Amino acid sequence: MAGELNVDLGERTYKILCGSGLLPVAGSILRNLNLATPCLVVSNATVAGFYWPVLESSLKAGGFNPRLALVPDGEEAKTLQVAASLYDAALAAGIERQAAVIALGGGVVGDVAGFIAATWLRGVPFIQVPTTLLAQVDSSVGGKVAVNHPGGKNLIGAFYQPLAVIADLDTLATLPSREIRAGLAEVIKYGVIADAGFFAYLEEHLEEALAREAGVLENIVLRSCAMKAAVVARDERESGLRAILNFGHTVGHAVEAVTGFTAYRHGEAVAMGMVAAARIAARRGMFSMEETGRLVRLLARAGLPVNLPALDPTAFREALGHDKKIRQGQLRMVLPESLGRVQVISVSIEEVMAQVFEKGFIGS
Ligand code: NAD
Ligand code: GLY
């Protein structure tokens, strides 16, 4: 039995389905959405190698004539060139206004497939079939779609909500352990920003999550999606509340940028960024040392980095200066007040630099 949630956005409300055994029935789920055939499935060779045969036969059984378009594996798929190749595939497949683009893969596939769905014929139906933990708990929900510009990540994009999210937990069985841990960083983030009880649940069940115990994974994905859905329903375009989802991302993005987006998985960089934010908040006296310790211990148990690597201070300062949320030299940072509660606060680049480059946090 799959869990089911709504992302409440008026006439653009959609369902998140989460559970085991969903891929084989995806075609019959989609049959109820009034979609034209053929449809275009976007994936990469790794994911398609595991899951295209089952999705293909399920879509065929649902009356669709699915066409597969592959993108490169990894962040290099999020470019305008790859998007252009997908427009060619959409044209060749005869994707018309009511025909769906279906993303089968992690956050990379979801972001680029969503970007072309948002722009092909000024927008065609978009379905997310996330296959990484990070994509199931975060990127497939909420409608941020984008490709990268050589000048920065996610600079070319849109808010474009999917028509449905189908998160089959069985796909997590083939995911490398490092990707499970990276996804857990975003899961732990939800505990800090919105739900102390969920944080305590993670403290209790982390090893079961790492061992991919089905019930724990389902609970984690559903509770994470419920939190994200609630935030997105109240602030779809990030005019306020949605910014709390960026906890850990200010320093995390800067770490990703100065390490060339290759050394760390996104979730690993977010883990370091959450520790940095907690340390800044603790230094300000707004977050306790005891709760900082709980966060650091949970991230470390998940096998995530809690210390920063040796970084070049000049490059790091420059990367902070390119943050999308900077206003007159002040970063808008999400800082914890207690586990389950955060505030968005202006913090100077100097204060972040002082904390990040403090002995004991960096270079270990
Ligand atoms: P990813 O999409 O690169 O997937 C990680 C790796 O796992 C890839 O090599 C992929 O081929 C492989 N993989 C995927 N599913 C698999 C499976 N079931 N079995 C085996 N291997 C599998 O990485 P990700 O962490 O899922 O996504 C990161 C991307 O998401 C970044 O580009 C980031 O900017 C974006 N993101 C977007 C949002 C959003 O709201 N749109 C939020 C967070 C992150
Ligand atoms: N991942 C941040 C957001 O969706 O707003």
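As the structure is a computational prediction, the values presented were derived from the model and not from experiment. Remember, it's 1-based here, ligands and their atoms both numbered in the order they're listed. These values consider heavy atoms only, across backbone and side chains, with no hydrogens, waters or symmetry-generated copies.
- Proximity to G106 (heavy-atom distance under 4.0 Å) selects the following atoms of ligand 1: 2 (O), 26 (O).
- Between the side chains of Y51 and S43, no donor N or O sits under 3.5 Å from an acceptor N or O.
- Of the protein's non-hydrogen atoms, S139 CB, 3.5 Å is the one closest to atom 42 (C) of ligand 1.
- Protein heavy atom closest to atom 41 (N) of ligand 1, with residue, atom name and distance, is K144 O, 2.8 Å.
- The protein atom (non-hydrogen) at minimum distance from atom 23 (O) of ligand 1 is R265 NH2, 3.0 Å.
- No more than 12 heavy atoms of other residues, nucleotides or ligands lie within 6.0 Å of CG in N34, so this atom counts as exposed by the packing criterion.
- Closest heavy-atom approach to atom 31 (C) of ligand 1 among the candidates Q136, E76, E75, H266: E75.
- When hydrogens are left out, the protein atom nearest atom 30 (O) of ligand 1 is G107 CA, 3.3 Å; that is the closest non-hydrogen contact.
- Partner of T46 under the side-chain hydrogen bond (donor to acceptor under 3.5 Å, both in side chains) criterion, out of T131, D73, T174: D73 alone.
- Nearest to atom 35 (C) of ligand 1 among the protein's heavy atoms is D111 OD2, 3.4 Å.
- The two residues A243 and V344 make their nearest non-hydrogen contact at CB-CG2, 4.3 Å.
- The aromatic rings of F316 and F357 sit perpendicular, their planes meeting at an angle over 60°, well past the 30° parallel limit.
- R284 has a carboxylate O that lies under 4.0 Å from a charged side-chain N of E351, or vice versa, which qualifies the two as a salt bridge.
- Among residues at least two apart or in separate chains, ring pair (Phe, Tyr, Trp, His ring centres under 6.0 Å) pairs with a member in residues 152-202 are Y201-H205.
- At the top of the distance list for atom 44 (C) of ligand 1, counting protein heavy atoms only, stands L134 CD2, 3.7 Å.
- At least one donor-acceptor pair under 3.5 Å links the side chain of R97 to the backbone N or O of L121.
- Tested against R242 for a side-chain contact (heavy atoms from CB on, under 4.5 Å), the candidates R237, K144, R234 yield a single pass: K144.
- Contact annotation for E186 and ligand 1: no heavy atom of the residue comes within less than 4.0 Å of the ligand.
- When the heavy atoms of L175, V108, T132, V232 are ranked by distance to atom 3 (O) of ligand 1, first place goes to V108.
- For atom 43 (C) of ligand 1, the nearest non-hydrogen atom of the protein is D138 OD2, 3.5 Å.
- Taking a cut-off of under 4.0 Å to the non-hydrogen atoms of K153, the atoms of ligand 1 that pass are 31 (C), 32 (O), 33 (C), 34 (O).
- Listed by chain and residue number, R317 satisfy the side chain to side chain donor-acceptor pair (under 3.5 Å) test with E350 (two or more places apart in sequence, or in another chain).
- Every salt bridge (charged side-chain N to carboxylate O under 4.0 Å, His left out) that R265 has, sequence neighbours left out, goes to E179.
- Residue-ligand proximity, F50 to ligand 1, at heavy-atom distances under 4.0 Å covers atoms 20 (C).
- Close approach of ligand 1 to D73 (heavy-atom distance below 4.0 Å) involves ligand atoms 8 (C), 9 (O), 10 (C), 11 (O).
- Looking only at atom types and distance, the side chain of E75 has no donor-acceptor partner in the side chain of H266 under 3.5 Å away.
- Those atoms of ligand 1 that come under 4.0 Å of a heavy atom in K228, given as number and element, are 40 (O).
- Contact annotation for atom 6 (C) of ligand 1: protein present (non-hydrogen atoms, distance under 4.0 Å).
- Contact annotation: the side chain of P24 approaches that of D168 to within less than 4.5 Å [non-hydrogen atoms, C-beta and beyond].
- Contacts of E179 with ligand 1, taken as heavy-atom pairs under 4.0 Å, involve the side chain alone.
- Shown in contact with Y51 at under 4.0 Å from a heavy atom are these atoms of ligand 1, numbered in order with element: 18 (N).
- Taking the side chain as every heavy atom from C-beta outward, M353 and P313 approach each other to under 4.5 Å.
- The closest donor-acceptor contact from the side chain of K228 to the backbone of D138 lies under 3.5 Å.
- Residue contacts with ligand 1: T131 is placed with a nitrogen or oxygen under 3.5 Å of a nitrogen or oxygen of the ligand (distance criterion only).
- Among L133, N44, T174, the residue whose heavy atom lies nearest to atom 20 (C) of ligand 1 is T174.
- A heavy-atom cutoff of 4.0 Å around ligand 2 is satisfied by the protein residues D138, K144, K228, E238, R242, L245.
- Contact check for L331 versus I349: side-chain heavy atoms found under the 4.5 Å cut-off.
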